[in-house]
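Note that this is a predicted model, so its numbers are computed, not measured.
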Amino acid sequence: MPVVRTVPFGTTFTWPDGSSVNIDKRRPFKPSRYASLEDQVTWPKYEAVNVTVVNASGSSVPVFTWLFDATTGGRHAGTIFDLQANVRFPLHPIKPKTPTSFVMAFGQDRNVEFAIWVTYREGNDTVVYR
């Protein structure tokens with residue numbers, strides 16, 4: 001039965017098959033005028049993180065093998081895509097045994113808890129970065 005595991009930002013979490021994720025410490029982010037804000041919601045502040053995933057399987061998989069969601073103050077935090085700032089998911093499949101890094105950004109309410117939830121393939125534990 002999958003469980004939710006909590007780890008601090010900057011920690012690598014590895015699933016039983018050897019696939020892993022690391023989300024670096026958060027940093028302030030300013031969306032460019034070309035950014036796409038989920039649900040077109042504006043937030044009091046924005047933060048970005050570097051994400052690194054490792055695919056331990058024997059074949060390439062889409063980046064959406066890892067599902068990312070963020071919460072701020074207990075509610076969904078909007079994901080930001082900003083090509084000008086290179087904030088986007090990889091366009092290519094994730095190759096086996098090769099670390100793949102990309103930048104994600106999210107809207108955040110001020111002075112409330114912020115967390116990023118990562119689920120890797122259905123049936124595995126979920127990891128929460130706080």
Side-chain angles (χ1 to χ4, degrees):
M1 182 62 117
V3 297
V4 175
R5 302 188 184 278
T6 301
V7 299
F9 285 95
T11 302
T12 297
F13 182 85
T14 305
W15 284 273
D17 77 348
S19 294
S20 64
V21 63
N22 182 295
I23 300 180
D24 284 350
K25 293 189 180 341
R26 302 165 7 217
R27 64 185 183 281
F29 175 75
K30 182 177 182 191
S32 76
R33 65 184 185 149
Y34 302 107
S36 173
L37 307 175
E38 184 178 6
D39 301 328
Q40 298 305 308
V41 172
T42 56
W43 295 87
K45 72 181 202 179
Y46 301 91
E47 292 190 326
V49 292
N50 291 330
V51 177
T52 302
V53 295
V54 176
N55 166 18
S57 76
S59 60
S60 295
V61 298
V63 70
F64 299 110
T65 301
W66 293 263
L67 301 176
F68 298 88
D69 192 21
T71 56
T72 178
R75 69 182 179 120
H76 176 72
T79 304
I80 300 163
F81 297 95
D82 192 340
L83 295 179
Q84 186 172 5
N86 200 31
V87 175
R88 62 180 174 82
F89 289 111
L91 300 176
H92 55 81
I94 308 300
K95 295 178 181 175
K97 315 286 192 258
T98 304
T100 301
S101 296
F102 51 96
V103 177
M104 295 185 74
F106 301 93
Q108 183 181 357
D109 287 327
R110 292 193 191 281
N111 303 318
V112 297
E113 182 181 64
F114 177 79
I116 299 176
W117 301 67
V118 185
T119 302
Y120 167 73
R121 296 190 179 193
E122 189 176 336
N124 284 296
D125 291 351
T126 295
V127 60
V128 180
Y129 282 85
R130 295 185 195 271

* **Step-by-step side-chain contact (heavy atoms from CB on, under 4.5 Å) determination, W43 to L37** => CA-CA 10 Å; W43 295 87; L37 307 175; 5.9 Å; no
* Asked: Ignoring hydrogens and geometry, is there a side-chain-to-backbone donor-acceptor pair from D82 to V87 under 3.5 Å?
  -> no
* Structure fact -> Between I94 and P62 the two heavy atoms that sit nearest each other are CG1-C, 4.3 Å
* Asked: Under a single-linkage definition using a 4.5 Å side-chain heavy-atom cutoff for Ile, Leu, Val, Met, Phe, Trp and Tyr, are V4 and L67 assigned to the same hydrophobic cluster?
  -> no
* Please tell me if the side chains of E113 and T71 come closer than 4.5 Å, counting only heavy atoms from C-beta onward. => no
* Asked: Linking I/L/V/M/F/W/Y whenever any side-chain heavy atoms sit under 4.5 Å apart, do V7 and V118 land together?
  -> yes
* To do: Find out whether P99 and V54 are in side-chain contact, i.e. whether some heavy atom of one side chain is under 4.5 Å from a heavy atom of the other.
  => yes
* Asked: Do I116 and R26 touch side chain to side chain, with heavy atoms closer than 4.5 Å?
  -> no
* Asked: Looking only at heavy atoms, what is the nearest atom pair of A56 and S19, with distance?
  -> N-OG, 2.9 Å
* Asked: Within a strict 4.5 Å, meaning less than it, do heavy atoms of the V21 and Y120 side chains meet?
  -> no
* Can you get from W117 to F102 by hopping between Ile, Leu, Val, Met, Phe, Trp and Tyr side chains that sit under 4.5 Å apart? -> no
* Dump the intermediate steps for side-chain contact (heavy atoms from CB on, under 4.5 Å) on V103 and R27, then the final yes or no. => CA-CA 11 Å; V103 177; R27 64 185 183 281; 3.7 Å; yes
* To do: Grab the two heavy atoms, one from P96 and one from S57, that are nearest each other, plus how far apart they are.
  => CB-O, 3.1 Å
* Any side-chain heavy-atom pair of V61 and W66 under 4.5 Å -> yes
* Asked: Does any N or O in the side chain of Y129 come within less than 3.5 Å of the main-chain N or O of T11, such that one atom is a donor and the other an acceptor?
  -> yes
* To do: Give a yes or no on whether the backbone of S101 and the side-chain of T52 come within a donor-acceptor separation of less than 3.5 Å.
  => no
* Asked: Where the side chain of D125 meets the backbone of V3, is there a donor-acceptor pair that is under 3.5 Å apart?
  -> yes
* To do: Check the hydrophobic clustering (I, L, V, M, F, W, Y; side-chain heavy atoms under 4.5 Å; chains of links allowed) and say if F114 and V128 are grouped together.
  => no
* Closest heavy-atom pair and its distance - P31, Y46 -> CD-CD1, 3.7 Å
* **Intermediate values then yes/no, side-chain contact (heavy atoms from CB on, under 4.5 Å), I23 and M104** => CA-CA 10 Å; I23 300 180; M104 295 185 74; over 6 Å; no
* For the residue pair A70 and F106, what are the closest heavy atoms and their distance? -> CB-CD2, 3.5 Å
* Structure fact -> To the nearest 0.5 Å, atom OG of S20 lies from atom CH2 of W15 at 7.5 Å
* **Check: T65 side chain, V63 main-chain N or O, donor-acceptor pair, under 3.5 Å** => no
* Does P44 offer a backbone N or O that forms a donor-acceptor pair with the side chain of R110 under 3.5 Å? -> yes
* Do side-chain atoms of T72 reach the backbone of D109 as a donor and acceptor pair under 3.5 angstrom? -> yes
* Structure fact -> Between F9 and K25 the two heavy atoms that sit nearest each other are O-NZ, 3.5 Å
* Asked: Counting heavy atoms not belonging to K95, are there more than 12 under 6.0 Å from its NZ?
  -> no
* Taking the side chain as C-beta and beyond, is there a heavy-atom pair between F68 and V49 under 4.5 Å? -> no
* Asked: With ring centroids as reference points, do F89 and F81 lie under 6.0 angstrom apart?
  -> yes
* Under a single-linkage definition using a 4.5 Å side-chain heavy-atom cutoff for Ile, Leu, Val, Met, Phe, Trp and Tyr, are V51 and I80 assigned to the same hydrophobic cluster? -> no
